[in-house]
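Quick caveat, the model's predicted, so the values are computed rather than measured. Residue numbers begin at 1 in each chain, while the letters A, B, ... track the order of the sequences.
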Amino acid sequence: MPEGHTIHRAARDQRPMLAGKVLDVSSPQGRFMEGAAQLDGRRCTAIDAYGKHLLYRFGELSLHIHLGLFGRFRCAKRPAAEPKGEVRVRMMSDTHVVDINGPNSCEVMDPAEAAALVRRIGPDVLRPDADPERAWQRISRSRSSVGQLIMDQSVMAGIGNIYRSELLWRQKIHPDLPGNRLPREAFDRIWADAADLLALGVRTNAIITVDGAKKSKSRYGERVNIFAKNACPACAGKITAFEIAGRRAFACKRCQPKA
DNA sequence: ATAATATGGTGAT
DNA sequence: TCACCCTATTATC
């Protein structure tokens with residue numbers, strides 16, 4: 001379930017559970033034994049989110065987590081229940097248990113490695129210190145498509161596959177438009193809308209791109225406009241489905257002209 | 001039971 | 001562009 005909002009939400013949720021506390025760190029699944037041993041018994045000093053990456057700081061050392069497509073967090077109060085599924089890391093404070101299943105990355109980093117990681121991540125739409133100018137410089141100089149660029153985490157961080165289609169639909173821009181033909185004004189709208197939508201995602205812990213929509217249990221329900229949908233909510237025309245670099249993408253030809 | 005799918009990313013070709 | 005990594009859930013036989 002992870003786009004950028006998921007990670008920032010996790011950081012927000014887990015700070016009061018873990019930060020400032022000495023943690024028991026283990027790997028119930030057994031695939032992170034060495035890393036867990038390095039961190040076990042140390043104090044978690046901070047939890048930082050950068051785009052889709054999460055860094056649990058333990059003084060000099062950082063635990064780098066990237067959920068990938070399948071990863072998930074499970075948080076609970078103690079006493080700890082039996083690990084559910086393949087729990088790569090379990091972190092336990094005096095009050096809480098955080099389990100991480102199926103992360104794409106799970107590694108201990110030294111300060112240089114952590115700094116290098118943060119450096120290669122583009123400006124994060126969810127961070128107040130992000131500099132959109134960096135993203136604009138990349139996009140406006142690139143012949144790649146806007147659809148590709150806004151989901152490239154080194155260009156701008158946080159946007160995933162659903163937000164991509166939804167953002168470009170909301171801003172009436174076709175994903176195939178080359179970055180160097182995107183007007184500055186359109187980029188500004190994309191950035192601002194991304195910041196708003198992802199912030200709402202953090203608040204609700206859900207991807208909601210339909211104005212005024214509420215969380216719902218159905219798969220995409222009324223929360224998204226065109227992602228995995230057939231008809232355009234604006235013009236009732238057919239939504240076209242295609243692929244961008246192997247990922248599903250959606251657009252309305254009528255509402256999202258290429259120029 | 002087995003296959004297909006998924007909101008992600010990397011490294012080789 | 002493809003193969004591959006990681007796991008859980010849903011769809012299909």
Does the side chain of [X] get closer than 4.0 angstrom to OP1 or OP2 of [N] through an N or O atom?
X	N	answer
A:Arg72	B:dT7	no
A:His66	B:dG8	no
A:Asn101	C:dA8	yes
A:Arg248	B:dT7	yes
A:Gln29	C:dT7	yes

From the set B:dT7, C:dA8, C:dC6, return the single nucleotide nearest to any side-chain atom of A:Ile162.
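Of the options given, the side chain of A:Ile162 lies nearest B:dT7.
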Send over the distance from [X] [atom1] to [N] [atom2], rounded to a whole Å.
X	N	atom1	atom2	result
A:Arg247	C:dC2	CZ	P	15 Å
A:Leu67	B:dA6	CG	C1'	13 Å
A:Ile7	B:dT7	CD1	P	15 Å
A:Glu86	C:dT9	CD	P	12 Å
A:Arg164	B:dT7	CZ	P	10 Å
A:Lys52	B:dT7	NZ	C1'	8 Å
A:Ile65	C:dC6	CD1	C1'	12 Å
A:Phe250	B:dT7	CZ	P	8 Å

By side-chain contact (heavy atoms from CB on, under 4.5 Å) - contacts of A:Ala251 (at least two apart):
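A:Ala251 satisfies side-chain contact (heavy atoms from CB on, under 4.5 Å) with A:His174, A:Pro175, A:Thr240, A:Phe242, A:Gln256 once adjacent residues are dropped.
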For [X], report the nucleic acid contact type (base, sugar-phosphate, nothing); a contact means any heavy atom under 4.0 Å.
X	answer
A:Arg31	sugar-phosphate
A:Glu166	nothing
A:Arg88	sugar-phosphate

Separation of the [atom1] atoms in [N] and [M], to the nearest angstrom:
N	M	atom1	value
C:dT1	B:dT7	C1'	22 Å
B:dT10	C:dA8	P	22 Å
C:dA3	B:dT5	P	16 Å

Can A:Phe70 be called stacked on C:dT7 when the rule is centres closer than 5.5 Å and an angle between planes below 30°?
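Stacking is present between C:dT7 and A:Phe70, given that their ring centres fall under 5.5 Å apart and the planes under 30°.
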How would you list, by chain and number, every residue that makes a ring pair (Phe, Tyr, Trp, His ring centres under 6.0 Å) with [X], sequence neighbours excluded?
X	result
A:Tyr163	A:His5
A:Trp136	A:Phe187
A:Tyr56	none
A:His53	A:His64, A:His66

Within residues 113-131 of chain A, which residues have any heavy atom lying less than 4.0 Å from an atom of DNA chain C?
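Heavy-atom cutoff 4.0 Å gives no residues at all.
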State whether the distance check finds a donor on one side and an acceptor on the other, under 3.5 Å, for side chain A:Asn104 versus base B:dG9.
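Check fails, no donor-acceptor contact within cut-off.
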Could you tell me whether [X] and [Y] have a side-chain N and a carboxylate O separated by less than 4.0 Å?
X	Y	answer
A:Asp24	A:Arg42	no
A:Glu82	A:Arg74	no
A:Glu185	A:Arg189	yes

